[in-house]
Asker: 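One structure follows; several queries about it will come next.
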Amino acid sequence: MTQRGDELLQSRQAKLAALRERGVDPYPPRFRRSHTAKSAVARFEKAEREGKTARATVAGRIMRMRGMGGASFIDVEDSTGAIQLYLQADALGAGYELLADLDLGDFVGARGELMRTRRGEISVQARRFTLLAKALRPPPDDYYGLRDTEQRYRRRYLDLIVNRDVHDVMRKRSAVIVALRRFFDARGFLEVETPTLVPVPAGAMAEPFATEHHALRRTLYLRIATELYLKRLIVGGMDKVYEIGRVFRNEGIDRDHNPEFTLLESYEAYADYRAVMRMVERLVPYVAQRAIGATTIERDGARIDLRPPWPRLDLREAVRTHSGIDIDDFPDATALAARMREAGVHAAYEESRGRLIDKLVGQFVEPRLIQPTFLVDYPAEMSPLAKLRADDPRYAERFEAFAGGMEIANSFTELNDPVQQRARMEEQEELRRRYQGEELDRVDDDYILALEHGMPPTGGLGIGVDRLVMLLTGQRSIRDVALFPQVRSIDE
RNA sequence: GGCCCCGUAGCUCAAUGGCAGAGCGCCGGGCUUUUAACCCGGGCGUUUUGGGUUCGAGUCCCAACGGGGCCA
């Protein structure tokens with residue numbers, strides 16, 4: 001804290017002491033308000049139309065004060081909006097003295113008649129005026145807001161105090177999650193909760209966070225996906241399950257990556273990835289309608305129409321069309337890397353074939369997928385948990401859904417052959433040894449044991465909830481759709 | 001991981017290598033229908049941190065820390 005900050009603090013602490021001196025409780029335990037700012041305004045407007053008078057008790061945080069000597073105006077805000085308090089020395093008597101020890105950021109309550117001032121502002125003409133909570137530090141500048149991104153993320157409460165549009169984004173985020181639940185619940189899916197702390201960090205190609213369990217004397221990991229536990233439930237006969245949960249990936253932080261994010265996964269027995277496509281192209285517009293009241297969105301000047309059907313685009317064809325490279329001509333990673341470098345792509349020779357193809361998709365295909373699109377049939381080595389195509393085992397029955405140039409969903413016909421599953425997981429381990437540092441999946445023996453008991457044909461789905469919210473709210477950074485994104489800690 | 005940009009008062013921002021400033025906020029005074037209220041007075045600062053160059057550094061150089069962007 002700077003010296004100046006201390007002076008501000010001291011000034012407010014002095015006021016706090018003065019209030020206590022006069023017998024004012026600066027933190028009273030409760031206050032009954034009759035109206036929110038918004039409902040008080042509505043009540044007045046109704047009374048005004050009917051030629052009646054109305055009273056209200058409101059409460060909120062002081063955001064602006066205009067003192068005029070014997071009269072003062074205070075704008076207070078609550079979660080619904082703002083309302084002006086009109087305070088007069090004559091009407092309040094001793095209560096008016098409170099004003100001298102108030103600051104921006106304090107919470108106050110007022111009761112009185114609702115009125116309209118000469119300038120037309122609907123106000124509470126206070127008969128009673130109470131301090132509800134003294135703030136020792138000031139809110140950010142009300143007019144300019146809080147623009148410093150670091151402070152906005154690090155001290156989100158300050159951001160929320162002055163940047164009201166953040167409330168709107170977060171309300172929409174909540175509405176997205178409510179809508180997702182409603183969609184799956186209505187289709188007979190059961191919402192379940194699976195472990196966050198797991199012995200094997202499998203189910204996705206990602207680096208895990210590790211932690212120590214003292215009593216068990218073993219390393220546990222924060223889950224990187226919910227997939228393998230949900231499929232254990234399919235083995236157990238829960239035919240339709242879903243989970244909305246936080247997963248953790250020990251990776252870099254950028255505009256669309258936060259180390260923890262919200263993932264929705266669903267699994268449906270007797271469905272395949274084509275059935276899941278049909279579900280997804282209905283799910284997304286459903287959620288959009290409920291969360292933002294529309295099934296089209298504007299982004300980068302483009303109008304994105306979320307309504308079905310969404311085009312299916314073959315991955316190999318899409319890569320060939322946009323990059324000129326036919327991945328089938330390069331079954332070997334080194335040769336593919338050479339061809340990519342020829343095409344001007346930054347490709348190291350020590351990268352796995354799956355990673356190289358991912359790079360091709362990311363560079364040549366993804367940015368073009370502005371309208372919702374299913375990219376279909378991924379190479380087998382990129383999809384160790386997916387069932388291979390019967391007609392071409394180089395590819396898996398897998399799709400990813402894109403919109404606004406962003407991946408929003410990943411799905412496959414689940415691999416339910418335990419013998420092949422072990423081999424495919426072992427292939428991942430082998431690739432990890434060969435391409436050190438790459439994020440690849442792991443063998444989960446306990447999961448394979450479950451598969452050995454038999455899993456019906458199943459269609460699975462994963463949706464990045466944060467990215468879906470980004471898409472629907474027009475936000476460019478995952479940090480703007482998460483209340484408390486990861487920030488570096490500052491040593492005090 | 002590499003490259004680029006940024007960090008000045010509580011907040012938003014200025015300052016050619018030459019006395020660190022403004023608006024809001026804050027402090028003191030005035031004002032009984034204001035609303036970015038207004039009027040009078042007050043600048044409240046380790047210019048992120050640590051080195052270096054220079055007669056002189058907010059400004060130039062190096063490093064660290066924090067933030068943002070582009071690439072991997």
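Nothing here was measured: the structure is a model prediction, and the numbers come from that model.
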Asker: Ignoring backbone atoms, establish whether A:Thr149 has a side-chain N or O less than 4.0 Å from OP1 or OP2 of B:G67.
Answerer: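 Checking A:Thr149 against B:G67: no side-chain N or O falls below 4.0 Å of OP1 or OP2.
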
Asker: Go through B:U33, B:C27, B:A72 for me and flag the one nearest to the A:Gln363 side chain.
Answerer: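 Of all the options, the side chain of A:Gln363 is nearest to B:A72.
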
Asker: What nucleic acid atoms does A:Arg64 come within less than 4.0 Å of, heavy atoms only: base, sugar-phosphate, or nothing?
Answerer: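 Contact class for A:Arg64: sugar-phosphate only.
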
Asker: For B:C27 and A:Lys15 - does any side-chain N or O of the residue sit under 4.0 Å from the phosphate oxygens OP1/OP2?
Answerer: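 Result: yes.
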
Asker: Which one, B:G69, B:U35, B:G67, comes nearest to the side chain of A:Arg119?
Answerer: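 The closest nucleotide is B:U35.
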
Asker: Which pairs would a plain distance check flag for residues 316-327 of chain A, meaning a side-chain donor or acceptor within less than 3.5 Å of a matching protein atom at least two apart in sequence or in another chain?
Answerer:
residue	atom	partner	partner atom	Å
A:Arg316	NE	A:Asp326	OD1	2.9
A:Arg316	NE	A:Asp328	OD2	3.2
A:Arg316	NH1	A:Asp328	OD2	3.2
A:Arg316	NH2	A:Asp326	OD2	2.9
A:Glu317	OE1	A:Arg320	NH2	2.8
A:Glu317	OE2	A:Arg320	NH2	2.8
A:Arg320	NH1	A:Asp326	OD2	3.1
A:Thr321	OG1	A:Glu317	O	2.7
A:His322	ND1	A:Arg368	NE	3.2
A:Ser323	OG	A:Val319	O	2.6
A:Ser323	OG	A:Ile325	N	3.1
A:Asp326	OD1	A:Asp328	N	3.0

Asker: Tell me the interatomic distance from A:His257, atom NE2, to B:A72, atom C1', rounded to whole angstroms.
Answerer: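 Atom-to-atom, A:His257 to B:A72, this comes out as 13 Å.
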
Asker: Using Watson-Crick or G-U wobble geometry with both distances under 3.5 Å, which nucleotide pairs with B:G1?
Answerer: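 With both distances under 3.5 Å, B:G1 matches B:C71.
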
Asker: Under 3.5 Å, is there an N or O donor on one side and an acceptor on the other linking the side chain of A:Arg118 and the base of B:U33?
Answerer: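 By the distance-only test, no, there is no pair.
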
Asker: Measure across A:Lys359 and A:His346 and return the closest heavy-atom pair with its distance rounded to 0.1 Å.
Answerer: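 Between these two residues, the closest heavy atoms are NZ-O, 3.2 Å.
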
Asker: With rounding to the closest Å, how many angstrom separate the P atoms on B:A72 and B:U48?
Answerer: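 These two P atoms come out 33 Å apart once rounded.
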
Asker: In whole Å, measure the gap between the C1' atoms of B:G45 and B:C13 for me.
Answerer: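 Their C1' atoms lie roughly 15 Å apart.
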
Asker: Using heavy atoms to find the nearest nucleotide of RNA chain B for A:Asp103 and A:Ser123 separately, return the residue whose nucleotide is more 5′.
Answerer: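 Mapping each residue to its closest nucleotide by heavy atoms, the 5'-most match is A:Asp103.
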
Asker: Rounding to an integer number of Å, can you tell me how far A:Met63 CE sits from B:A37 C1'?
Answerer: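 Rounded to the whole Å, the gap is 17 Å.
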
Asker: Specify the separation, in whole Å, of atom CD of A:Gln84 and atom P of B:A36.
Answerer: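 Value for this atom pair: 11 Å.
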
Asker: Using whole Å, report how far OH of A:Tyr86 lies from P of B:U35.
Answerer: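 The distance from OH of A:Tyr86 to P of B:U35 comes to 13 Å, rounded to the nearest Å.
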
Asker: Could you work out the separation of B:A14 and B:G28 based on their P atoms and round it to a whole Å?
Answerer: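 One P to the other, the span is 31 Å.
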
Asker: Between B:G56 and B:G18, how far apart are the P atoms? Round to whole Å, please.
Answerer: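 Straight-line distance between the two P atoms is 14 Å.
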
Asker: Do A:Tyr157 and A:Arg155 pass the side chain to side chain donor-acceptor pair (under 3.5 Å) test, and can you show the C-alpha distance, the side-chain angles, and the key distance before you say yes or no?
Answerer: CA-CA 5 Å; A:Tyr157 48 91; A:Arg155 306 176 68 195; 2.9 Å; yes

Asker: What is the distance, to the nearest angstrom, from the CZ atom on A:Arg155 to the P atom on B:G10?
Answerer: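 After rounding, the reported distance stands at 12 Å.
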
Asker: Report yes or no: do A:Thr57 and A:Arg33 form a side-chain donor-acceptor pair below 3.5 Å?
Answerer: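 No, no side-chain donor-acceptor pair sits under 3.5 Å.
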
Asker: Could you identify the nucleotide paired to B:U47, looking across every strand shown and requiring Watson-Crick or G-U wobble geometry with both distances under 3.5 Å?
Answerer: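 Partner of B:U47: none found under 3.5 Å.
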
Asker: Can a side chain N or O of A:Arg66 be found less than 4.0 Å away from OP1 or OP2 on B:U34?
Answerer: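 Answer no for this pair, as no side-chain N or O of A:Arg66 is under 4.0 Å from OP1 or OP2.
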
Asker: Between B:G66, B:G10, B:U34, which one does the side chain of A:Pro138 approach most closely?
Answerer: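 Nearest to the side-chain atoms of A:Pro138, counting from C-beta on, is B:G10.
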
Asker: May I ask you to check whether A:Glu400 and A:Tyr378 show a side-chain donor-acceptor distance below 3.5 Å?
Answerer: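 Note: A:Glu400 and A:Tyr378 side chains meet the donor-acceptor criterion.
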
Asker: Paired with B:C60 by Watson-Crick or G-U wobble geometry, both distances under 3.5 Å: which nucleotide is it?
Answerer: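 The answer is B:G52, by the H-bond criterion.
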
Asker: So if I take every side-chain heavy atom of A:Met68 and compare against B:C31, B:C26, B:G66, which nucleotide ends up nearest?
Answerer: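 Comparing B:C31, B:C26, B:G66 against the side chain of A:Met68, the answer is B:C31.
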
Asker: Under 4.0 angstrom, heavy atoms only, what part of the nucleic acid is A:Gln151 near: base, sugar-phosphate, or nothing?
Answerer: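 Since no nucleic acid heavy atom lies under 4.0 Å of A:Gln151, the category is nothing.
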
Asker: Starting at CG of A:Leu87 and ending at P of B:U33, how long is that distance when rounded to a whole Å?
Answerer: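 Going from CG in A:Leu87 over to P in B:U33 covers 13 Å.
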
Asker: Has the side chain of A:Glu121 got a donor or acceptor atom sitting under 3.5 Å from an opposite partner on the base of B:U34?
Answerer: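 Answer is no: no donor-acceptor pair is held.
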
Asker: Between B:U8 and B:A22, how many Å separate the two C1' atoms, rounded to a whole number?
Answerer: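 It works out to 13 Å between them.
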
Asker: On RNA chain B, does the nearest nucleotide to A:Asp75 precede the nearest nucleotide to A:Glu351 from the 5' side, or the other way round? Give the residue.
Answerer: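 It is A:Asp75, whose closest nucleotide lies nearer the 5' terminus.
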
Asker: On a whole-Å scale, what distance lies between the C1' atoms belonging to B:U47 and B:C60?
Answerer: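 Each nucleotide's C1' atom is 16 Å from the other's.
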
Asker: Roughly, in whole Å, what's the span from CD in A:Glu113 to P in B:U33?
Answerer: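 Value for this atom pair: 18 Å.
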
Asker: Throw together a table of side-chain donor-acceptor distances under 3.5 angstrom for residues 59-76 of chain A, partners on residues two or more places apart or in other chains.
Answerer:
residue	atom	partner	partner atom	Å
A:Arg64	NE	A:Asp75	OD2	2.7
A:Arg64	NH1	A:Asp142	OD1	3.0
A:Arg64	NH1	A:Asp142	OD2	2.6
A:Arg64	NH2	A:Glu77	OE2	3.4
A:Arg66	NH1	A:Asp75	OD2	3.1
A:Arg66	NH2	A:Asp75	OD1	3.0
A:Arg66	NH2	A:Asp75	OD2	3.4
A:Arg66	NH2	A:Gln84	OE1	2.7
A:Ser72	OG	A:Tyr96	OH	2.8

Asker: Report yes if at least one side-chain N or O of A:Arg147 is closer than 4.0 Å to OP1 or OP2 of B:C13; otherwise report no.
Answerer: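 It does, given that an N or O in the side chain of A:Arg147 lies less than 4.0 Å from OP1 or OP2 of B:C13.
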
Asker: Work out how far the C1' atom of B:G69 is from that of B:C11, and round it to whole angstrom.
Answerer: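 My reading of the C1' atoms in B:G69 and B:C11 gives 24 Å.
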
Asker: Please state the P separation for the pair B:U59 and B:C19 - nearest whole angstrom.
Answerer: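 Their P atoms lie roughly 14 Å apart.
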
Asker: Answer yes if the side chains of A:Asp314 and A:Tyr395 hold a donor-acceptor pair under 3.5 Å, and no otherwise.
Answerer: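 Side-chain D/A pair, A:Asp314 to A:Tyr395: absent.
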
Asker: Can you tell me the distance, in whole Å, between the CG atom of A:Asp148 and the P atom of B:G66?
Answerer: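 Atom CG in A:Asp148 sits about 15 Å away from atom P in B:G66.
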
Asker: Base, sugar-phosphate, or nothing: which does A:Gly252 touch, judged by heavy atoms less than 4.0 Å apart?
Answerer: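 Result for A:Gly252 = nothing.
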
Asker: Check the phosphate of B:G67 against A:Arg154, side-chain N and O only, distance under 4.0 Å to OP1 or OP2. Yes or no?
Answerer: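 Yes.
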
